[in-house]
Amino acid sequence: MHTTIQTLEGSRQQLFIDGQFTAPHSAEYVPSYDPTTGRQWYEFAQADAVDVDRAVRSARAALVNPAWRRMTQTERGKLVRKLGELVLANADALAAIECRDNGKLLKEMRAQMRAIPDSYLYFAGMADKLQGDTIPVNKLDTLNFNTREPIGVVGMIIPWNSPLMMLTGTLAPCLAIGNTIVVKPSEHATASTLALAELVIEAGIPPGVVNVVTGDGVTTGDALTRHPGIAKYVFTGSTVTGRKIAGNAAQNLVPCQMELGGKSPHVVFGDVDIERAVNGVVSGVFAAAGQTCVAGSRCFVEASVYDRFVEALVERTRRVRVGHPTHENTDIGPLALASQLDKVETYVASGVQEGARVAAGGQRPARDDLAGGWYYEPTVMTQARNEMRFMQEEIFGPVVGVMPFSDEAELIELANATEYGLAAGIWTRDIDRALRFARDVEAGTVWINTYRSAAYMSANGGTKHSGYGRRGGFEVMREFSRLKNVVIDYSGAMQDPFVIRLR
């Protein structure tokens, strides 16, 4: 891979279509900014409808090209494995690019880039495991079976908070199945996806199988989600944008797989080790500066230990180190966008106006070494009520609201009193209570005595306004393949052409 921090500095990044990097039809480029300084560091191409159409046509041509379509499942698996090996070989460079692009911790990105190849390896092994079924029918001389085939061209719109991790979760299985792809990375973090395109070439994946179009949502995203050549869409992002994409896709009767917003409940009962639960809550909401869909931003604490827990949480929060994302001792880096920083400040102010109290944080750090960057202190809000705006709307920043509850019945009512249903967590030593919570809470993922623990082997996704469809595990192979029914009559008998043969 040739792309590095040094080569990106001051560069113009092109589109990736049909196996080649190419200039945009509009000849327009958009600046990308370093969140640690707020200054521009490269430009990316602004794709328009012409570019999107080129990319989709390239993907459709690759779909029927014998070089891809006639490739055996095992050979496809080998290519997927090769791509994963190349990601591992370039892990440090890819980690540095994402750190610079979105401000996430370099140590976290290095760990993430070394974990991502395992997903490619897992789905590479799935390539020749996608099996159909033989179906018994009421005629002995009829063979009835189902088979699975590629769904077609998959349009992927990925977020800025963990571009390659989110891309891998669908790219790897889609390649293993035999689909082709058009990816639009977020306009706020495009560099790592374009760097991955270099590795796609090096892995030997045929031209057109993977295409990357960069640009904003209004122009590029809208053109992609309206294109009639797409068979299915993947989107991770806000619920508001998800509704727009689903509306566009519906015009062409195209299904979507969506992971949208969250306002996840994080529950602490009085029977647990307080220090352990505090660390879990801190990790669940402040990791990645709170810029995760599953952030446990609504913390419910059993009334009997509420005061003690809040005191410990505030003390622990004040020890969270805000700093430059490349420094090893940093716990929280900057927010990825200037607009995100403004949004966080607005939500904290609204909470105070509604009666909540800032117990820790609540402002930009007053440090010269962080001046100009989009930093915000980890923030604990007490005296919160579940109906407050900052407790109901996704902030996507390092802010947690804490409130007490009295019993399980009240807890479930509070936890489910939100339009979202992405994740939930509970800390308790009572396994019966934990399982009742897992049964009754409206969430796609439930963590017990842990939080943000993820595995590519298990399916995950949202409920309610947090989206639909599943990623991970074997379930995602079904999501992005198409079932076909085949019926064979081997009786040799002459059929009456006007009689329906009930099977």
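Note that the structure is predicted; figures quoted are calculated from it, not measured.
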Would you give the length of the straight line joining atom [atom1] of [X] to atom [atom2] of [Y], rounded to the nearest 0.5 angstrom?
X      : Y      : atom1 : atom2 : value
Glu85  : Lys78  : CD    : NZ    : 12.0 Å
Thr7   : His2   : OG1   : NE2   : 10.0 Å
Lys107 : His327 : NZ    : NE2   : 11.5 Å
Asn279 : Tyr451 : CG    : OH    : 15.5 Å

Heavy-atom check, side chain of [X] versus side chain of [Y], under 4.5 Å:
X      : Y      : result
Lys139 : Ser491 : no
Asn144 : Val486 : no
Thr22  : Phe16  : no
Asn211 : Arg54  : no
Leu79  : Met71  : yes
Ile230 : Val56  : yes
Phe123 : Met477 : yes
Cys99  : Leu105 : no

Of the options Thr170, Ile151, Leu171, Val153, which is the one that meets Asn179 in a side-chain contact (heavy atoms from CB on, under 4.5 Å)? Ile151

Checking the side chain of [X] only, and the main-chain atoms of [Y] only, is there a donor and an acceptor separated by less than 3.5 Å?
X      : Y      : value
Glu419 : Gly262 : no
Tyr42  : Ala191 : yes
Gln291 : Ala336 : yes
Thr219 : Asp216 : no
Arg226 : Asn252 : no
Ser466 : Leu422 : yes
Trp68  : Gly178 : yes
Asp48  : Asp51  : yes
Thr180 : Ala59  : yes
Thr463 : Gly421 : yes

Salt-bridge criterion met for [X] and [Y] (N-O under 4.0 Å):
X      : Y      : answer
Arg100 : Glu9   : yes
Arg470 : Glu475 : no
Lys484 : Glu149 : yes
Asp331 : Arg321 : yes

Would one find more than 12 heavy atoms of other residues, nucleotides or ligands at under 6.0 Å from atom [atom1] of [X]?
X      : atom1 : value
Arg114 : CZ    : yes
Arg243 : CZ    : yes
Leu140 : CG    : no
Gln40  : CD    : yes
Lys244 : NZ    : no
Lys82  : NZ    : no
Arg60  : CZ    : no

Between [X] and [Y], does any side-chain donor sit less than 3.5 Å from a side-chain acceptor?
X      : Y      : value
Ser264 : Arg452 : no
Ser238 : Thr241 : yes
Glu259 : Tyr468 : no
Trp447 : His266 : no
Thr142 : Asp489 : no
Thr214 : Lys184 : no
Asn146 : Asp133 : no
His324 : Thr326 : yes
Asp222 : Asn248 : yes
Asp53  : His227 : yes
Glu98  : Ser192 : yes

Considering all heavy atoms of both residues, which atom of [X] and which atom of [Y] are nearest to each other, and what is their separation?
X      : Y      : result
Leu86  : Leu199 : CD1-O, 3.5 Å
Pro173 : Thr168 : CD-O, 3.7 Å
Ile116 : Leu164 : CD1-C, 3.8 Å
Glu187 : Thr190 : CA-CG2, 4.0 Å
Ile158 : Pro185 : CG1-CA, 3.5 Å
Ile245 : Met258 : CG2-CE, 3.7 Å

Looking at Tyr420, is Lys464 sitting on its ring face, NZ or CZ under 6.0 Å from the six-membered ring centre and within 45 degrees of the normal? no

In sequence, state the C-alpha distance, the side-chain angles, and the governing distance for Leu8 and Ile97, and then conclude on side-chain contact (heavy atoms from CB on, under 4.5 Å). CA-CA 9 Å; Leu8 276 167; Ile97 290 169; 4.0 Å; yes

Check against side-chain contact (heavy atoms from CB on, under 4.5 Å), Leu196 and Leu83: CA-CA 9 Å; Leu196 183 71; Leu83 182 55; 4.2 Å; yes

Hey, mind stepping through Val267 and Phe437 against side-chain contact (heavy atoms from CB on, under 4.5 Å) and telling me if it holds? CA-CA 10 Å; Val267 178; Phe437 177 79; 3.9 Å; yes

What do the steps show when you test Glu328 against Thr330 for side chain to side chain donor-acceptor pair (under 3.5 Å), and what is the final call? CA-CA 6 Å; Glu328 282 298 314; Thr330 295; over 6 Å; no

Aromatic ring proximity Phe396/Trp160, centre distance under 6.0 Å: yes

Decide yes or no on side-chain contact (heavy atoms from CB on, under 4.5 Å) for Phe480 and Val154, but give the supporting numbers first. CA-CA 8 Å; Phe480 293 97; Val154 179; 4.0 Å; yes

